[in-house]
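Below is one structure, written out as structure tokens; comments come after it.
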Amino acid sequence: MDKIVKVLQKLKNEYGTVPWNWHTRQNPFKVLIATIMSQRTRDPQTDEASKALFERFPTPEHLASAPLEEIEKLIKGVNYYKTKAVRIKEVSSIIVEKFGGRVPQDMKTLMSLPGVGRKTANCVLVYGFHKSALPVDTHVHRISNRLGWVRTKTPEETEKELKCVVPTEWIPFINDLLVKHGQTVCKPIKPSCNICVVKKFCKYNEATSQNYTQS
DNA sequence: AAAACGGGGGC
DNA sequence: GCCCCAGTTTT
């Protein structure tokens with residue numbers, strides 16, 4: 001079996017398959033809004049806030065005409081909530097007025113929306129429309145490099161290289177699994193390599209553990 | 001390419 | 001109290 005698949009299988013065994021923001025998936029508009037909310041924000045906060053928001057304003061039409069203050073209040077708790085409230089309303093209006101209430105299905109149009117960058121657009125494509133898209137955030141970028149799967153400077157490079165080395169059927173799981181691993185074990189600073197289930201496949205661990213195993 | 005944005009939770 | 005964070009936009 002391929003080495004990368006082995007690692008992904010181990011991570012899947014460790015962390016399970018329940019995706020973040022599961023209640024929004026298969027609804028492209030909800031995926032879009034919830035993903036904007038999730039930027040630089042921890043999971044549980046976003047999850048609760050997005051549920052509250054969609055209960056009150058379930059569609060682009062509702063959000064486009066919602067009072068800004070009410071949106072702010074409902075999503076308070078997520079990072080940048082004031083800026084995001086403005087963008088959520090803007091995005092909803094654009095979708096209603098320019099796209100007939102439908103979320104665009106291509107990278108370029110998605111990224112033209114306010115508050116939507118490459119990572120968010122890819123989330124919409126893969127979780128909303130089941131396309132073969134790979135959202136790369138700081139965790140995916142960092143861990144892919146530590147493991148030695150890629151050698152890249154930017155998230156976009158990582159996205160392209162990962163798509164070449166990871167089997168298609170695993171693409172939709174990469175983000176969830178590596179983010180979970182990155183939050184709990186493979187942290188940006190002082191990663192807990194001693195408890196890592198994939199350390200024997202990891203270049204970073206190989207390089208850093210040498211200092212201790214010698215002598 | 002680097003800084004700003006901007007706020008709650010963990011240590 | 002300080003530091004960090006499922007990014008995007010602006011300088």
Side-chain angles (χ1 to χ4, degrees), chain A residues 8 11-12 14-25 27-28 30-54 68-69 71-92 94-95 104 107-128 133-147 152-160 162 166 170-192:
Chain A
L8 290 169
L11 292 175
K12 192 172 177 183
E14 184 75 5
Y15 302 121
T17 54
V18 178
W20 172 85
N21 251 341
W22 58 270
H23 70 280
T24 69
R25 297 209 176 175
N27 179 326
K30 290 186 178 178
V31 172
L32 171 60
I33 300 301
T35 306
I36 290 175
M37 290 172 63
S38 82
Q39 293 161 2
R40 305 289 286 179
T41 304
R42 307 271 176 168
D43 312 2
Q45 293 168 285
T46 311
D47 218 50
E48 274 185 45
S50 62
K51 278 180 184 163
L53 182 71
F54 293 135
L68 192 57
E69 303 75 39
I71 299 178
E72 275 186 13
K73 204 161 145 192
L74 285 165
I75 70 170
K76 197 166 196 163
V78 307
N79 204 355
Y80 307 108
Y81 71 92
K82 283 182 184 162
T83 311
K84 285 173 180 172
V86 174
R87 289 183 177 156
I88 286 169
K89 193 169 156 65
E90 282 176 355
V91 164
S92 302
I94 293 170
I95 285 176
M107 173 67 67
K108 198 179 163 194
T109 314
L110 283 167
M111 283 184 65
S112 73
L113 299 170
V116 179
R118 192 171 185 87
K119 186 258 176 183
T120 301
N122 271 321
C123 281
V124 173
L125 292 174
V126 65
Y127 303 133
L134 176 46
V136 174
D137 67 340
T138 54
H139 292 297
V140 176
H141 182 59
R142 179 184 68 258
I143 296 174
S144 299
N145 275 283
R146 278 184 179 169
L147 283 164
T152 52
K153 287 279 287 180
T154 68
E156 189 172 349
E157 286 178 89
T158 303
E159 179 190 328
K160 287 182 176 139
L162 273 183
V166 175
W170 282 95
I171 298 281
F173 298 103
I174 298 269
N175 190 272
D176 281 329
L177 291 175
L178 293 195
V179 168
K180 188 75 182 171
H181 189 51
Q183 289 172 332
T184 54
V185 178
C186 195
K187 293 169 288 191
I189 55 169
K190 299 199 175 180
S192 309

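Values reported hereafter were calculated over all heavy atoms of this structure, with side chains retained and with hydrogens, waters and symmetry mates removed.
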Within this structure, what is the CG-to-P distance between A:Asn122 and C:dA6, rounded to whole angstrom?
18 Å

Assign A:Thr120 to base, sugar-phosphate, or nothing according to its heavy-atom contacts below 4.0 angstrom with the strands shown.
sugar-phosphate

To the nearest angstrom, the CG-P distance between A:Leu177 and C:dA6 comes to 15 Å

Nearest heavy atom decides the nucleotide; on that basis, is A:Leu113 or A:Lys187 closer to the 5' end of DNA chain C?
A:Lys187

For A:Asn145, what residues pass the side chain to side chain donor-acceptor pair (under 3.5 Å) criterion, not counting sequence neighbours?
A:Thr152

Indicate, with a heavy-atom threshold strictly under 4.0 Å, whether A:Pro114 touches base, sugar-phosphate, or nothing.
sugar-phosphate

Go ahead and name the base partner of C:dT10; Watson-Crick or wobble counts if both distances stay under 3.5 Å, otherwise write none.
B:dA2

Which part of the nucleic acid, if any, lies within contact of A:Pro155, taking any heavy atom under 4.0 Å across all strands shown: a base, the sugar-phosphate backbone alone, or nothing?
nothing

Along DNA chain B, 5' to 3', what are the outermost nucleotides having an atom less than 4.0 Å from a heavy atom of chain A?
B:dC5 to B:dG8

A quick test of your reading: do over 12 heavy atoms of other residues, nucleotides or ligands sit less than 6.0 Å from NZ of A:Lys30?
yes

Please confirm whether the backbone N or O of A:Lys153 pairs with a side-chain atom of A:His141, one donor and one acceptor, at under 3.5 Å?
yes

Is there a donor-acceptor pair under 3.5 Å between the side chain of A:Lys84 and the backbone N or O of A:Asn79?
yes

Carboxylate-amine/guanidinium proximity below 4.0 Å for A:Lys73 and A:Glu69:
no

Please give, in whole Å, the distance from C:dA6 P to A:Lys84 NZ?
11 Å

A:Gln183 side chain N/O closer than 4.0 Å to the phosphate oxygens (OP1, OP2) of C:dC5?
no

Could you check whether atom NZ of A:Lys187 has more than 12 heavy atoms from other residues, nucleotides or ligands sitting under 6.0 Å from it?
yes

Taking the C1' atom in each of B:dA1 and C:dA6, what is the distance between them to the nearest angstrom?
23 Å

May I have the distance from A:Lys180 (atom NZ) to C:dC5 (atom P), rounded to whole angstrom?
16 Å

Which whole-number value in Å describes the distance from A:Glu156 CD to C:dT8 P?
12 Å

Which pair of heavy atoms, one from A:Gly128 and one from A:Pro28, lies closest together, and at what distance?
O-CG, 3.7 Å

Categorize A:Val116 for me: base, sugar-phosphate, or nothing, with a 4.0 angstrom heavy-atom threshold over every strand shown.
sugar-phosphate

Whole-Å gap separating C1' (C:dC5) and CG (A:Asn79)
7 Å

C:dC5 phosphate, OP1 or OP2, under 4.0 Å from A:Thr138 side-chain N/O:
no

Pairwise P distance, B:dG6 and C:dG1 [rounded to whole Å]
24 Å

So the side chain to side chain donor-acceptor pair (under 3.5 Å) pairs with at least one residue in residues 107-120 of chain A (sequence neighbours excluded) are A:Gln39-A:Thr120, A:Asp106-A:Thr109, A:Arg118-A:Glu159

What's the CZ-C1' distance between A:Arg40 and C:dC5, to the nearest Å?
5 Å

Phosphate OP1/OP2 of C:dG7: any A:Ser38 side-chain N/O under 4.0 Å
no

